[in-house]
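Keep in mind that the numbers below use all heavy atoms, side chains included, and drop hydrogens, waters and symmetry copies. Each chain gets a letter, A, B and so on, in the order the sequences are listed, and its residues count up from 1.
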Amino acid sequence: MIDGRGWRTGALVEKREIPMYYLRITQYAQDLLDELEHMTEWPERVRTMQGNWIGRSEGVRIGFPYELDGQRHVLSVFTTRADTLMGATFCAVAAEHPLATHAARTNPALAEFVEECKRGSAQEAEIAVMEKRGMATGLFVTHPLSGKKIPVWVGNYVLMTYGEGAVMGVPGHDERDFNFAVKYGLPIEFVIAPAGMDAAAFSMTQWREEFAAYGVCINSGKYDGLDYQGAVDAIAADLQKQGLGEKQVQWRLRDWGISRQRYWGCPIPLILCPKCGDVPVPDEDLPVVLPENLVPDGSGNPLNKTPSFYECKCPKCGGDARRETDTMDTFVDSSWYFLRFACTDNGRAMVDERANYWMAVDQYIGGIEHAILHLLYSRFWMRVMRDMDLIKVKEPFARLLTQGMVLNNIYSRHSGEGRVEYFHPDDVDVQLDANGAQVGAKLRSDGQPVQWEGMRTMSKSKNNGVDPTDLVARHGADAIRVFMMFKAPPEDTLEWSDDGVEGSARFLRRLWRMVWEHVERGPPAKGPRQDLVALSPAQREMRRLAHATLVKVTDDYGRRRVFNTAIAAVMELMNALQKFDDTSEQGCAVRHEAIELIVQLLAPIAPHICHELWRQLGHTDSLIDHPWPQPDPQALIQERVEVVVQVNGKLRAKVEVGASASKDEISAAALADATIQKWIEGKPVRKVIVPPGGKLVNVVV
RNA sequence: GCGAAAGUGGCGGAACUGGUAGACGCGCUGGAUUUAGGUUCCAGUGGGUAACCCCGUGAGGGUUCGAGUCCCUCCUUUCGCACCA
C-alpha cells in the first residue's frame, strides 16, 4: 500500500468490516505464557518476545454508567492504573465503538470524523506514530466513585481490538492522555504524589516523566495516603460493591483471524445455510477441493465468481446453501505441517500414533522473523490437538535455533527515470585501496562503474543470489559447510563471500596434504606409540595442545553450540602441527595422535573428507561409528605457566611460574621481574591483586 | 511509537564467570617457488611514534585495583508489530 492506495491497481484502500472465522488462541494465553518459562532450549530473546506479545496485564475493569434513550448502560474500560481513577476527567472510545456510532447518528461532524478514523490504518506501527486526534461525542458518563459527569470522546488512538474499545483519560498521570487533554482543553487533575517529586513540579502545560510514576494518592478523598497497591485494592473493592468493576486480567494477545479473501489457500470446510447458519461439511465429503483452473483478475476472490464451487446443499436441511469461499491463512498449514512427516501415508486422519513417537521436534530451525507468529501459532495448534485427543504432547519444538539470513553484495545502476538495474556480484570487479578497503566497483562487461548498496538478504529482485550447486561442484559440499559454519555463529547473519569459500577449500586441502604426508612418511599400521615419560618438552607441548583443543571443541559443540570457534581451534592446532617438524618415532606418534584428533573433531563439519582421511590413517572401522574421543588428563597437565603482570591495570610484563605456585609465590615472582621493578620504582606498592586462576597479577602503586 | 537484538581493525568475527582486546579466517603488503598468471610456502598487517611509549571495542558519563563485558543517558542498524509468510 502506497499513499492509501494499492500499489498494483491504484485502488483506494479502506477499512471494511468483514465477517471472519477466528481461532480462540486467547483461551490458551495463560498456558502459552506459563510454559515459556520451562522452554530452556529456546533462545531467551524469542521467549521474551512471545511473553511480551501475549502481554498479560493485571488491572481493574471499571464501569462508567450512563443513560441512553431512558435505559441504563455501562461504559467499560480496563486500566492497570486504577489508583489514578479519581483523576479521570474524560473517557475515549474507538471509532467503531457503539457509543460513537450512536452519537454520530445525530452529529454530522462527528460522523465524518468517525468515518475518517475508520479509513485510517489498522497497523499498530502506524497507529502508534500518527497524530492523536479526537472529537467530543456530546455524551457524558458518570464517574463511578465521585459521581461527576465526565465527557466521552472519540479517539483515533483507541483500539477496538484491545479490551472493550474504550479507555479512561487520566491526563495527570498518563502521557498520551496529558497531550490529548492539553490539545483539546480538557481538565487535568493530579491525584498521585510520585515519590521524591515536589508537588510544585506539577505542570498543566509540560509533561514530565515523573507524573506517571507510582506514588501515594492525593486529592482522592477517602483514598488519600494509600500507595499503589492499597489504592488499587480499595478502589476495586468499592467498585465491586456497586457492581461497577472488578479486578481483571487483560491480554494483549488477540484471537487469530484466519479468513483470507483469496482462493489459493486451504478451504474453510463450512457451508452457509440461510436457515441453519454455518454448518460443517460432513466428514465423508472431506476434503473440500479447490478448482485449479481459476485465474485471479485482481478484482477479489475468484471463488466468489465460480458457482460450481460455491453452490451446494445444506447438509442439515437439504436446502440451497452457499459454500464458504474464504480460505485459510497459510499460517494454519505451517502450524502443524511438521506432524505430517511422521505419518505421510495416512490419508484418513491428520495424524496417527506415530506422531506421538516422533514428537516433539528435537531441533527446529527457522529465521528470527518467525519468533512470534509462526512459533506461537504452532504452540497453540498443538494444544488444541492435544485437547481433542489427537496428540499427546503440547510443545511442538523442544529445541529452537533461529538462524541468521544469508546476505550478499548488491550492485546497481540508477537510470534517469527512476529505474534501477541490479548486477550479479559475480559480474562485478571491485576496486580496493592499499589497505584492501573497497573503494569502487565496475561492471566487468562494460568497465563502467556500478553503485554498491551494501550487504543485504539474497533475493531474486536484487540479483544477488548464489546457486549452491555450482559451488558444491567446484569445491565440494564439505568446503561450503566449513565456510558457513566458520563465518559466523548460526544465529547471526551470514555474509556470503567467494573468497571465504576459497579459504575453507584451502584449509581442507591443507588438511588432506598433511595427512597424506604423514601417512607417506611411515606406515601408520605400526600405530601410535608414546613413551609419555620420555617425551621432549616440545613433544609434550604439542600433545597438550592437541588434547586442549579436544576439550575446547567438545565444549563448543556440546554446551556452547557454536561452531565458528570450534573450527578456529582446529585451525590453530593444525598451524602448530605444521611447525612441529619432529620426525623421530616419538614425534611421529605425537603427530599421529594429533592428526587423528583433528580428523575426528572436524568430522561433524566436513564429514566426507574426514571419513576418507580416517581410512587413510589405517582404520578399518567407519569414522561415524567411532566413539567421540576422550581427552587424556595426563596430557593436559602443565609444569610452568605464564602469568601476565599489570601495573595499575596496564599490561607491563609476563613472567613464568610453576603451575602449582601459590598466590604469594606468584606475586613475589611478579614483583621480582626487572621490567616491573622499573615501573614501580620510587612508588609505594599499595596492593598486589592475584585473582583466582593465577593467570594475572595487578600491582597497584 | 512499542517489543526484541546488535554495534570490536580494510572485512567476517574471537575474547565463555569483570582479568593479556583483536584468536581464527578473508583481504592487503613484501619475499620465495614458477617462463607468466594461478597454486603453494615464508614474513608482516588496529592507529599514532625514530624510539620509549601513548591512544583504541558506536558517543558521553559512572562503578572498580582492573570494563568490549556491569550501571545511566544518547545515537545508529536489523527483526517483529497480527492480511507477506
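- Residues A:D556 and A:F563 are not in side-chain contact: their nearest non-hydrogen atoms beyond the backbone lie 4.5 Å or more apart.
- Checking the phosphate oxygens (OP1, OP2) of B:C41, no side-chain nitrogen or oxygen of A:K579 falls inside 4.0 Å.
- Nucleotide B:G7 carries an anti base; the chi torsion (O4'-C1'-N9-C4 or O4'-C1'-N1-C2) is more than 90° from 0.
- Using a 4.0 Å heavy-atom distance criterion, A:K552 is classed as a base contact.
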Secondary structure string for RNA chain B (Watson-Crick or G-U under 3.5 angstrom, | for other-strand pairs): (((((((..(((......[....)))((((((.......))))))(((....)))..(((((..]....))))))))))))....
Quick one: which protein N/O atoms are closer than 3.5 Å to N/O atoms of nucleotides 71-73 of chain B? Pair and distance per line, please.
none

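- Comparing the C1' positions of B:A4 and B:C55 gives a spacing of 35 Å, expressed to the nearest Å.
- Looking at A:K132 and A:K183, their side chains never come closer than 4.5 Å, going by heavy atoms from C-beta outward.
- The distance between atom CZ of A:R176 and atom P of B:C2, rounded to the nearest whole Å, is 11 Å.
- Atom name C1', nucleotides B:G56 and B:A21: the rounded distance is 9 Å, in whole Å.
- The same atom, P, is picked in B:U57 and in B:C70; the two are 15 Å apart, to the nearest Å.
- For the pair A:L159 CG and B:G1 C1', the computed distance is 12 Å after rounding to whole Å.
- Here the closest non-hydrogen pair linking A:N156 and A:C117 is CB-SG, 3.6 Å.
- Taking only side-chain nitrogens and oxygens, A:R513 comes nearer than 4.0 Å to OP1 or OP2 of B:C41.
- Test A:M485, A:E572, A:K487 against A:I567 for side chain to side chain contact (heavy atoms under 4.5 Å, CB included) and you get one pass: A:M485.
- Listed candidates were B:G27, B:A4, B:C53. Nearest to the side chain of A:D499 is B:G27.
- Taking atom P on both B:C26 and B:G13, the two are 16 Å apart, rounded to the nearest angstrom.
- The closest side-chain heavy-atom distance from A:Y411 to A:V430 is below 4.5 Å.
- Atom CG of A:D498 and atom C1' of B:G25 are 15 Å apart (whole Å).
- The shortest distance between side-chain heavy atoms of A:R652 and A:Q646 does not fall below 4.5 Å.
- A gap of 10 Å separates the C1' atoms of B:U39 and B:U33, to the nearest Å.
- One atom, CD of A:Q578, and another, P of B:G25, lie 10 Å apart when rounded to the nearest Å.
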B/S/- contact track for nucleotides 77-85 of chain B, protein heavy atom under 4.0 Å: --SSBBB-B
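- Contact of the A:F211 side chain with the A:P194 side chain is not registered, since no non-hydrogen atoms from C-beta on lie closer than 4.5 Å.
- When rounded to the nearest whole Å, the span between CD of A:E44 and P of B:A6 equals 12 Å.
- For A:E495, whose side chain is taken as the heavy atoms from C-beta onward, the closest listed nucleotide among B:C55, B:A15, B:C11 is B:C11.
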Could I get a table of every N or O pair under 3.5 Å where one atom is in the protein and the other is in nucleotides 20-24 of chain B?
unit_1	atom_1	unit_2	atom_2	d
B:U20	O2	A:K654	NZ	3.2
B:A23	O2'	A:E572	OE1	3.2
B:A23	O2'	A:E572	OE2	3.0

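- Proximity of A:M574 to A:I598: side-chain heavy atoms (C-beta onward) are separated by under 4.5 Å at one or more points.
- Interatomic distance, A:L339 CG to A:M382 CE, rounded to the nearest 0.5 Å: 5.0 Å.
- Counting heavy atoms from C-beta outward, A:I54 and A:L376 have side chains that approach closer than 4.5 Å.
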May I have the list of side-chain donor-acceptor pairs in residues 690-701 of chain A shorter than 3.5 Å, sequence neighbours left out?
unit_1	atom_1	unit_2	atom_2	d
A:N698	OD1	A:N648	N	3.4
A:N698	OD1	A:G649	N	2.9

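- Comparing A:V562 and A:K687 along RNA chain B, the residue whose closest nucleotide (by nearest heavy atom) sits nearer the 5' end is A:V562.
- Atom CE of A:M455 and atom P of B:G13 are 10 Å apart (whole Å).
- Considering only side-chain N and O atoms, A:R506 lies under 4.0 angstrom from the phosphate OP1 or OP2 of B:C26.
- Closest to the side chain of A:T48, from the set B:A15, B:C53, B:A4, is B:A4.
- Exactly one residue among A:Y377, A:Y337, A:W336 makes a ring pair (Phe, Tyr, Trp, His ring centres under 6.0 Å) with A:F331. That residue is A:Y377.
- Across A:W207 and A:P171, no two heavy atoms sit closer than the pair CZ3-O, 3.9 Å.
- Residues A:W679 and A:S504 each lie close to RNA chain B; by heavy-atom proximity, the contact nearer the 5' end of the strand is made by A:S504.
- Across A:T493 and A:A488, no two heavy atoms sit closer than the pair O-CB, 3.9 Å.
- Ring geometry for A:F397 against A:W42 counts as parallel: the plane angle stays under 30°, on a 0 to 90° scale with 60° as the upper cut.
- B:G61 and B:G27: their C1' atoms are spaced 37 Å apart (whole Å).
- A:R559 comes within 4.0 angstrom of a nucleotide base, judged by non-hydrogen atoms across all strands.
- The two residues A:A479 and A:S504 come nearest to each other via the heavy atoms O-CB, 3.5 Å.
- Spacing of C1' atoms, B:G3 relative to B:A82, comes out at 14 Å, to the nearest Å.
- Using atom C1' as the reference point in both B:U78 and B:C42, the two lie 42 Å apart (nearest Å).
- Considering only side-chain N and O atoms, A:R509 lies under 4.0 angstrom from the phosphate OP1 or OP2 of B:U40.
- Taking atom CG of residue A:L494 and atom P of nucleotide B:C11, one finds them 18 Å apart after rounding to whole Å.
- Whole-Å rounding puts the A:N648 CG to B:A67 P distance at 11 Å.
- Counting distance only, with no hydrogens placed and no angle test, the side-chain atoms of A:N698 and the base atoms of B:C65 include a donor-acceptor pair under 3.5 Å.
- Checked against side-chain hydrogen bond (donor to acceptor under 3.5 Å, both in side chains), A:T457 has no partners two or more places apart in sequence or in another chain.
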